[in-house]
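One structure below.
Reckoned from all heavy atoms, side chains included, excluding hydrogens, waters and symmetry mates.
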Amino acid sequence: MIEVQSSNQTCHPTLPEIPANPKLVSTTSWISPWLTPVAYFLGRHLLPSFFGQIKIVGQENIPTTGPVLLAPTHRARWDSLLLPYATGRGITGRDLRFMVTITECQGLQGWFVRRLGGFPVDPQRPSISTLRHTVELLQRGEMLVIYPEGGIFRDREVHTLKPGIARLALTAESSYPGLGVKILPIGINYSDPYPHWGSDVSIHIGSAIKVADYAHGNVKQDAKCLTADLAKALQHLSCYDESTITTHTFAEMPNS
């Protein structure tokens with residue numbers, strides 16, 4: 001059963017300028033032409049075997065073109081594997097980019113993360129080069145994942161959202177009026193706080209929020225309103241009912 005979720009914008013939202021600094025080292029990211037297809041193939045076949053049941057609701061809400069910020073709740077490290085499974089190239093024909101913490105881009109894990117569309121950010125002191133790269137990705141019409149809660153929370157509650165995702169979205173939209181940036185709220189829940197073999201998972205994808213509807217000339221107020229409505233959407237999508245879990249059949253979309 002496909003459930004269409006909606007997000008009602010209750011506030012109407014200038015947008016933060018990203019100052020230039022030529023001394024900063026450029027932040028880059030890329031999609032490996034050989035590793036990424038392998039990762040998607042493995043995810044498509046291994047994830048259904050690991051989890052008991054996977055429920056995905058609202059895939060019809062995923063924009064198939066244009067810049068999109070995926071804004072999911074963060075409940076486990078599995079989230080970053082399940083998101084491509086539920087919204088990536090097998091469903092939309094598009095690859096995902098990920099903004100991840102610096103620690104996740106270190107060592108062997110970092111080698112894979114950087115080749116699968118990930119790039120690092122210091123949550124406490126994000127660099128201008130990272131913020132600029134994020135805006136550039138949106139300007140190129142990419143799909144980018146940012147966890148708005150800023151960390152993993154296992155209590156099924158939506159915690160206070162960081163304002164950065166709203167500011168980045170508004171910055172990209174203001175840089176190129178008419179760009180059409182959208183934020184896609186996604187609620188992820190597991191049957192167990194620490195997912196293990198046989199755990200169930202539900203992924204509820206809400207209606208896309210149009211960032212341009214909030215761009216009204218006051219940086220703090222615009223971002224505040226956008227963040228508040230995103231939080232409401234995530235609250236609505238995070239209601240978990242084990243009785244509604246049903247096995248998800250992997251479906252190909254026409255443009256995949």
Side-chain angles (χ1 to χ4, degrees), residues 3-16 55-59 61-63 67-80 82-83 86-87 96-101 121 123-124 126 131 134-135 138 143-174 180-190 193 201-241 244:
E3 174 184 327
V4 179
Q5 304 288 359
S6 63
S7 173
N8 297 320
Q9 283 79 21
T10 58
C11 298
H12 290 287
T14 230
L15 312 180
K55 176 186 178 183
I56 303 176
V57 176
Q59 283 179 319
N61 293 327
I62 307 172
V68 182
L69 273 168
L70 303 184
T73 55
H74 204 7
R75 301 294 169 258
R77 290 190 177 274
W78 287 103
D79 298 346
S80 295
L82 286 162
L83 284 168
T87 67
L96 305 185
R97 302 297 190 114
F98 286 82
M99 178 185 282
V100 301
T101 61
V121 63
Q124 304 304 319
L131 302 180
T134 305
V135 172
L138 292 174
M143 292 181 69
L144 172 64
V145 178
I146 298 180
Y147 294 103
E149 292 170 294
I152 294 176
F153 297 93
R154 303 182 186 274
D155 55 9
R156 297 181 183 171
E157 298 292 330
V158 176
H159 291 251
T160 301
L161 305 189
K162 305 298 183 183
I165 187 171
R167 292 174 182 172
L168 285 168
L170 287 164
T171 296
E173 187 66 35
S174 67
V181 179
K182 295 178 181 177
I183 296 180
L184 193 68
I186 302 175
I188 303 177
N189 282 291
Y190 300 88
V201 56
S202 66
I203 302 173
H204 287 76
I205 304 167
S207 297
I209 300 173
K210 296 180 180 179
V211 175
D213 292 344
Y214 296 80
H216 292 281
N218 183 291
V219 180
K220 292 184 178 180
Q221 187 60 29
D222 293 353
K224 181 178 180 180
C225 289
L226 180 50
T227 301
D229 283 352
L230 175 58
K232 290 177 184 177
L234 290 175
Q235 289 281 3
H236 179 64
L237 296 167
S238 296
C239 298
Y240 180 86
D241 181 0
T244 65

Atom of G180, atom of E173 and distance for their closest heavy-atom approach = N-OE1, 3.1 Å
ask   = For the residue pair I56 and Q59, what are the closest heavy atoms and their distance?
value = CG2-CG, 3.5 Å
Test item: N61 side-chain N/O and A208 main-chain N/O as donor-acceptor pair under 3.5 Å = no
ask   = Taking atom CD1 of I205 and atom CG of L70, what is their separation to the nearest 0.5 Å?
value = 8.5 Å
query = Any side-chain heavy atom of P72 within less than 4.5 Å of one from L83?
reply = yes
Where L131 and P126 come nearest, the two heavy atoms and their spacing = CD2-CB, 4.2 Å
task = Enter the distance from C225:SG to D213:CG here, rounded to the nearest 0.5 Å.
result = 12.0 Å
query = Out of T160, D155, L161, which one pairs with V158 under the side chain to side chain contact (heavy atoms under 4.5 Å, CB included) rule?
reply = L161
request  = Could you grab the distance from atom OH of Y190 to atom CD1 of I203, nearest 0.5 Å is fine?
outcome  = 7.0 Å
request  = Kindly compute the distance separating CZ (R154) from NE2 (H74), expressed to the nearest 0.5 Å.
outcome  = 9.0 Å
query = So, does E149 use its side chain to make a donor-acceptor pair with the main chain of K162 at under 3.5 Å?
reply = no
query = Counting N and O atoms only, with roles assigned by atom type, does the side chain of R75 sit under 3.5 Å from a partner on the main chain of F153, one being a donor and the other an acceptor?
reply = yes
inquiry  = Can you tell me how far apart CG (L168) and CD1 (I146) are? Round to the nearest 0.5 Å.
reply    = 5.5 Å
key: Minimum heavy-atom distance T87-M143, with the two atoms named   = O-CE, 4.1 Å
message = If you compare all heavy atoms of I186 against all heavy atoms of L237, which two are closest, and at what distance to 0.1 Å?
response = N-CD1, 4.1 Å
task = Find the distance between CD1 (I188) and CG (L234) and round it off to the nearest 0.5 Å.
result = 10.0 Å
query = Shortest non-hydrogen contact from G206 to L184?
reply = O-CD1, 3.2 Å
ask   = Would you say N189's side chain and S202's backbone share a donor-acceptor pair under 3.5 angstrom?
value = no
